[in-house]
Undergrad: 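Once you've had a glance at the structure underneath, I'll fire off some questions.
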Amino acid sequence: MSYCGILGSKVDGMIFRSCLIRSGKFDISTKLFHKMKQNGLTPDVITYSTLLAGCMKVKHGYSKALDLVQELKYNGLQMDSIMYGTLLAVCASNDQWEAAESYFNQMKDEGHSPNLFHYSPLLNAYASGGHYKKAEELVQDMKSLGLVPNKVIWTTLLKVYVKGGLFEKSRELLLELEALGYAEEEMPYCLLMDGLAKTGQINEARSIFDEVKEKGVKSGGYSHSIMISAYCRQGLFGEAKQLAKDFEAQYDKYDLVILNSMLCAYCRADDMESVMRTLRKMDELRISPGYNTFHILIKYFCKQKLYLLAYRTMEDMHRKGHQPQEELCSSLIFYLGKTKAHAEAFSVYTMLKYGKRTMCKALHEKILHILIAGQLLKEAYVVVKDNSELISQAAIKKFANAFMKLGNINMINDVMKVIHGSGYKIDQELFQIAISRYIENPEKKDLLLQLLQWMPGQGYAVDSSTRNLILKNSHLFGRQLIAEILSRQQMMSKALKSH
């Protein structure tokens, strides 16, 4: 049965819990959870525990976990030791070490005895801030309870030391891991290597990398990824490219992390052939590009002046649910406008605008000039209407002149109202251009009459030249009505002058 079918049916609590576990996706699980409550079923501890576990892998997982815990307690249920362990893991994955520490103590106060399942995530939470003293105290606390630290505990402590910049201690602990048989795979070495590389100690990081190879440590290529990225950050693009090629020669298994590192190296080294080969490999292996993949490619294509290719890459990025950075969008908008790809520039602007991100105020005016240059005046009208307070009077005047001359005649009055509402004082030249267009299209007489009737209420009146032009063609619009409207305009104009 599909999950959609389950959502629309009456089922018991056991089936709901089974569906929650099988769904594997937090949003689907949440819908099932709400449906369960709508059907009058009361969630139990197992149900809450299942949802809590899903919070580890979603955005804002910590706040979602807190909501679940609050609801659980409101329903009179008690947290068990398994739920506390899961909650600690959620805290760790969201860099909430203080909250993790608080829940750990709360768990003990409630009479739950901590085990490795609880110590491990708290230790991991300390790693986010490099709180090595707290981490060491925690390990000692474990030992005092007769708990023997395992491979995960020791490796996490190494992570804490690295995060805290304690590289000598990290090196000593790595030797202990080797002696215990806990360094048969590359992860411990990679933790130290990555820490050294990110603090600019590239030679020391390379030494650890070479050690991994010399000792025959089992590697999945993660060490290559770290060193390639490190070389790229240091501007050593030749070394990064060579290491990427070495990986291709030695390994036949790839994941997104190593592919992104390879792409970065090839892009920085201006090796288009290798870039395209890596992209084909991603397709062959059915590995979907991620946020970083798209950013690497867009920047590279812009650098190569392949702006339309960069645009299509950003389109693909947007379709896959990734929101590009404003700086990247702004840069691409500029280049697309420069190459007269006006519609594509507006498309990028729209992606950013509706991506729920803050936008630089100057970007609205930038896209307005691009749209005017490309005569995409309807789109330019939307930009002005939505952001007039952020656009300079000079830019609004430029837009108004362009629209009156070339814009959709049916929208002229709307544009007049918008530019007036922006605080721009409409000049006689604009009114004359608009009225001339209406005279050239007598079938639009109603729009002309509406404009003339609107003007006095906003403090506008046509000048003598435009007035004569209207009277000369009044037979097209109704002489009597035109005479009355112009008379009211003249009276209003005299009244304003008398003040």
Undergrad: Output all residues satisfying side chain to side chain donor-acceptor pair (under 3.5 Å) with Gln450, sequence neighbours left out; order by chain, then residue number.
TA: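 Side chain to side chain donor-acceptor pair (under 3.5 Å) check on Gln450 returns nothing, list empty.
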Undergrad: Provide the closest heavy-atom pair for Thr313 versus Leu309 in the form atom of the first, atom of the second, distance.
TA: OG1-O, 2.8 Å
Undergrad: Can you list every pair that meets side chain to side chain donor-acceptor pair (under 3.5 Å) and has a residue in residues 225-234, with sequence neighbours left out?
TA: Arg206-Tyr231, Ser225-Ser261, Ser229-Ser261
Undergrad: Hey, does the Lys NZ or Arg CZ of Arg312 hover above the aromatic six-ring of Tyr307, less than 6.0 Å from the centre and inside 45° of the axis?
TA: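 Geometry flag: not set, cation outside 6.0 Å or 45°.
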Undergrad: Quick one: do the Ser422 and Glu389 side chains pair a donor with an acceptor below 3.5 Å?
TA: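 No, Glu389 and Ser422 have no side-chain donor paired with an acceptor closer than 3.5 Å.
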Undergrad: Charged N to carboxylate O below 4.0 Å: is that the case for Lys303 and Asp270?
TA: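 Counted as a salt bridge, because a side-chain N and a carboxylate O are separated by less than 4.0 Å.
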Undergrad: For atom NZ of Lys445, decide whether the heavy atoms of other residues, nucleotides or ligands shown that lie under 6.0 angstrom number more than 12.
TA: no
Undergrad: For Ala345 and Ile333, work out which heavy atoms get closest and say how close.
TA: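 Residues Ala345 and Ile333, closest heavy atoms: O-CG1, 3.7 Å.
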Undergrad: Which pair of non-hydrogen atoms, one from Leu52 and one from Met83, has the smallest distance, and what is that distance?
TA: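 That would be CD2-O, 3.7 Å.
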Undergrad: Check the pair Leu279, Leu297 against side-chain contact (heavy atoms from CB on, under 4.5 Å), reporting the backbone distance first and the verdict last.
TA: CA-CA 10 Å; Leu279 290 177; Leu297 291 172; 3.7 Å; yes
Undergrad: Just list the side-chain donor-acceptor pairs under 3.5 Å for residues 363-373, sequence neighbours left out, or say none.
TA:
| from | atom 1 | to | atom 2 | distance (Å) |
| --- | --- | --- | --- | --- |
| His364 | ND1 | Tyr349 | OH | 2.9 |
| Glu365 | OE1 | Ser392 | N | 2.9 |
| Glu365 | OE1 | Ser392 | OG | 3.3 |
| Glu365 | OE2 | Ser392 | OG | 3.0 |
| Lys366 | NZ | Ser330 | OG | 2.9 |
| His369 | ND1 | Lys398 | NZ | 3.4 |

Undergrad: Please work out which of the three classes, parallel, tilted or perpendicular, describes the rings of Phe399 and Tyr381, given edges at 30° and 60°.
TA: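 If you compare the ring of Tyr381 with that of Phe399, the planes turn out parallel.
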Undergrad: Verify the distance criterion only: is there a donor paired with an acceptor across the side chains of Glu315 and Tyr311 at less than 3.5 Å?
TA: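 Yes, because at least one side-chain N or O of Glu315 sits under 3.5 Å from a partner of the opposite role on Tyr311.
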Undergrad: Let's go through Asp316 and Arg319 carefully: what are the C-alpha distance in whole Å and the side-chain angles of both, what is the deciding distance for salt bridge (Lys or Arg N to Asp or Glu O under 4.0 Å) to 0.1 Å, and is it a yes or a no?
TA: CA-CA 5 Å; Asp316 192 25; Arg319 276 195 301 268; 3.7 Å; yes
